[in-house]
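Structure first, then comments.
Note that ligands are numbered from 1 as they come in the structure, with each ligand's atoms numbered from 1 the same way.
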Amino acid sequence: MCGIVGILGSKPVATDLVDALRRLEYRGYDSAGIATVENGHLERRRAEGKLRNLEGRLLTEPLNGHTGIGHTRWATHGKPTERNAHPHMSPEVSVVHNGIIENYRELKAELTAKGHTFETETDTEAVVHLITDGMRAGLGPKEAVKAALDRLQGAFALGIIFAGHDDMMIAARQGSPLALGHGKGEMYLGSDAIALAPFTDAITYLEEGDWAVLTREGADIFDRAGAKVSRPRVKSVASSLLVDKGNHRHFMAKEIHEQPEVISHTLSNYLDLSTGGIKFPDLGIDLANVTRVTLSACGTAYYAGLVGKYWIERYARVPVEIDVASEMRYREPPLLPGGLALFVSQSGETADTLATLRYCKAGGQQIASIVNVRTSTIARESHTALPTLAGPEIGVASTKAFTCQLSVLACLAIAIGRARGTIDDKLQDELVKALTEVPRHISTMLRNEKVYEDVAHALSHARDVIYLGRGVSFPLALEGALKLKEISYIHAEGYAAGELKHGPIALIDEAVPVVVVAPDDELFDKTVSNMQEVAARGGQIILISSASPDRVGCKVLAHLPIPKAHPFTSPLLCAIPIQMLAYHTAVIMGTDVDQPRNLAKSVTVE
Ligand code: M6R
């Protein structure tokens with residue numbers, strides 16, 4: 001949730017630290033800071049807000065040390081102020097931290113009683129004082145860190161430097177990812193390989209409980225018990241993932257427009273286009289006899305999973321249990337032996353999803369995950385990782401990752417249906433053909449930018465917006481509302497269309513736009529009744545549909561057409577108008593589209 005970087009360099013490292021932090025800003029941007037070893041003592045610069053504020057500070061107050069750590073923060077404990085910004089430090093030690101130290105209150109009380117003075121509201125400061133306490137008692141940096149790690153509870157990643165030690169940095173991983181980068185006479189530390197991509201492609205991923213002592217010559221890695229361990233050095237492909245906005249004003253716009261291409265790539269990984277069949281990887285389970293699928297994810301990935309439930313139940317006739325990961329992990333549902341547990345995550349690092357995965361793994365389930373980052377923890381801890389080939393998604397609002405997740409789920413539903421005999425050759429041909437037409441249909445829709453922009457003007461005046469959908473379009477209504485609220489800050493809620501009359505209809509009046517996701521499928525006429533209920537109360541209907549608005553029989557403020565296609569693929573097509581509406585509304589309102597307030601791209605805390 002926060003981004004960590006560290007460099008043991010052969011020249012001043014401040015500029016490279018900031019550069020690496022820029023690539024980690026997707027993890028948080030409430031504040032940023034760096035600390036370096038300057039002639040034997042520790043110095044730091046920090047600034048509230050975006051990274052550019054820190055850059056400004058460094059222009060007037062430069063740092064010249066060759067050893068340094070940096071941090072970009074998504075606040076968990078304490079307001080996003082400069083005082084709470086990382087690195088935190090004592091005269092002896094400076095620490096950057098991602099994650100949560102769960103027992104920091106006890107540690108703070110204990111250390112305060114011993115005479116330590118806490119200056120911030122953060123949990124991280126307890127780590128600083130704990131290590132300092134050990135060092136003041138006579139321990140060396142390595143021993144003091146090990147003693148501190150033994151006391152820390154929670155999920156975290158740490159980067160630590162020490163006064164008087166220009167050739168040493170310590171890293172620790174417990175629940176939050178951390179990568180070591182190997183350079184020539186230099187060593188690096190980063191929350192991910194992308195942060196380190198311009199410096200090196202030789203990466204070692206720390207494993208759970210690992211901690212490492214880095215010098216410019218390399219790293220000694222230890223496990224939780226303190227035994228020296230060897231972890232493989234791998235060649236990262238992250239440098240090829242470094243991206244810019246191209247000709248687009250925002251990453252989100254670029255990512256929306258990339259969808260025809262990335263959906264094509266993703267589909268071609270799971271479809272055999274020469275035979276019109278499916279080439280799904282072996283999930284290590286007999287799909288013909290699978291009796292239940294357990295599905296879990298967070299946010300947009302959860303809504304993709306919810307579409308997957310409709311597809312798998314309808315086409316493969318297998319019951320799917322689905323829940324948001326933050327609930328499932330504590331609900332601890334009973335798991336039947338031999339079940340398939342499926343997780344969906346763009347980042348592959350979402351803490352709640354990972355915890356639920358571990359619960360299901362311990363419960364004997366076969367684990368498959370649909371992930372965009374192939375080197376992520378969720379991918380690595382799964383029996384089978386099913387990649388989405390969306391490429392790096394930088395905008396906080398997930399767009400292309402969502403439609404690529406849908407693409408994999410669609411193929412999975414066909415694969416299970418084929419194995420179970422619920423999808424015959426004819427139906428498979430139909431479904432595969434429909435999927436292969438999706439990129440072309442989306443290209444056509446993306447040419448209608450002006451139509452979306454016009455409707456977004458109407459939405460930008462609204463205080464509340466309601467999204468409705470039925471059947472497989474219900475998750476699209478939820479996703480539409482999430483997309484709009486997260487980047488425009490307009491209050492929006494998604495409902496199952498049939499639920500409207502059970503409460504939400506009380507909210508409808510002339511000032512409330514109602515976006516209705518209603519492709520021309522067998523449920524269209526049912527949703528027409530709900531639109532009439534809305535119109536009768538003066539609600540302004542914005543219809544996303546392949547059907548003509550003339551069939552609605554009441555006033556429709558705007559119609560955002562989707563191409564006529566097989567109903568199976570309607571979620572992929574309906575995703576485009578809801579993304580476009582949210583994007584243009586946010587642009588009109590002047591919000592920070594790619595880095596909306598209070599959010600982060602990767603949520604590695606619970
Ligand atoms: O990386 P993940 O797919 O696991 O992330 C899950 C959610 O945090 C994410 O989808 C979030 O809801 C997006 N900001 C929505 O646009």
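With a 4.0 Å heavy-atom cut-off, ligand 1 is reached by the side chain of Lys483 but not by its N, CA, C or O.
The heavy atom nearest to atom 6 (C) of ligand 1, considering only Ala297, Gly348, Ala401, Cys298, is found in Cys298. Residue Thr350 holds the heavy atom nearest to atom 2 (P) of ligand 1 of all those in Thr350, Val324, Asp352, Ile487.
A salt bridge is absent between Asp592 and Arg597; no separation between the charged side-chain nitrogens and carboxylate oxygens falls under 4.0 Å. With respect to the salt-bridge test (charged N to carboxylate O, under 4.0 angstrom), the residues Lys309 and Glu313 qualify. Between Asp201 and Lys235 there is a salt bridge, with a side-chain nitrogen of the basic residue lying less than 4.0 Å from a carboxylate oxygen of the acidic one.
When each of Ile69, Asn98, Leu152 is tested with Leu158 by the rule side chain to side chain contact (heavy atoms under 4.5 Å, CB included), just one qualifies, namely Leu152.
Within ligand 1, the atoms closer than 4.0 Å to a non-hydrogen atom of Gln346 are 1 (O), 2 (P), 3 (O), 4 (O), numbered from 1 in the order shown.
No side-chain N or O of Lys601 forms a donor-acceptor pair with one of Ser398 less than 3.5 Å apart.
Residue Ser398 places at least one N or O, backbone or side chain, under 3.5 Å from an N or O of ligand 1. In terms of N/O distances under 3.5 Å, ligand 1 is approached by Thr300. On a distance-only criterion, Val396 and ligand 1 share at least one N/O pair closer than 3.5 Å. Inclusion of Thr353 in the set of residues having an N or O under 3.5 Å from an N or O of ligand 1 is not warranted.
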Is there a side chain to side chain contact (heavy atoms under 4.5 Å, CB included) between Glu449 and His584 once you walk through the steps? CA-CA 9 Å; Glu449 196 108 19; His584 284 292; 2.8 Å; yes

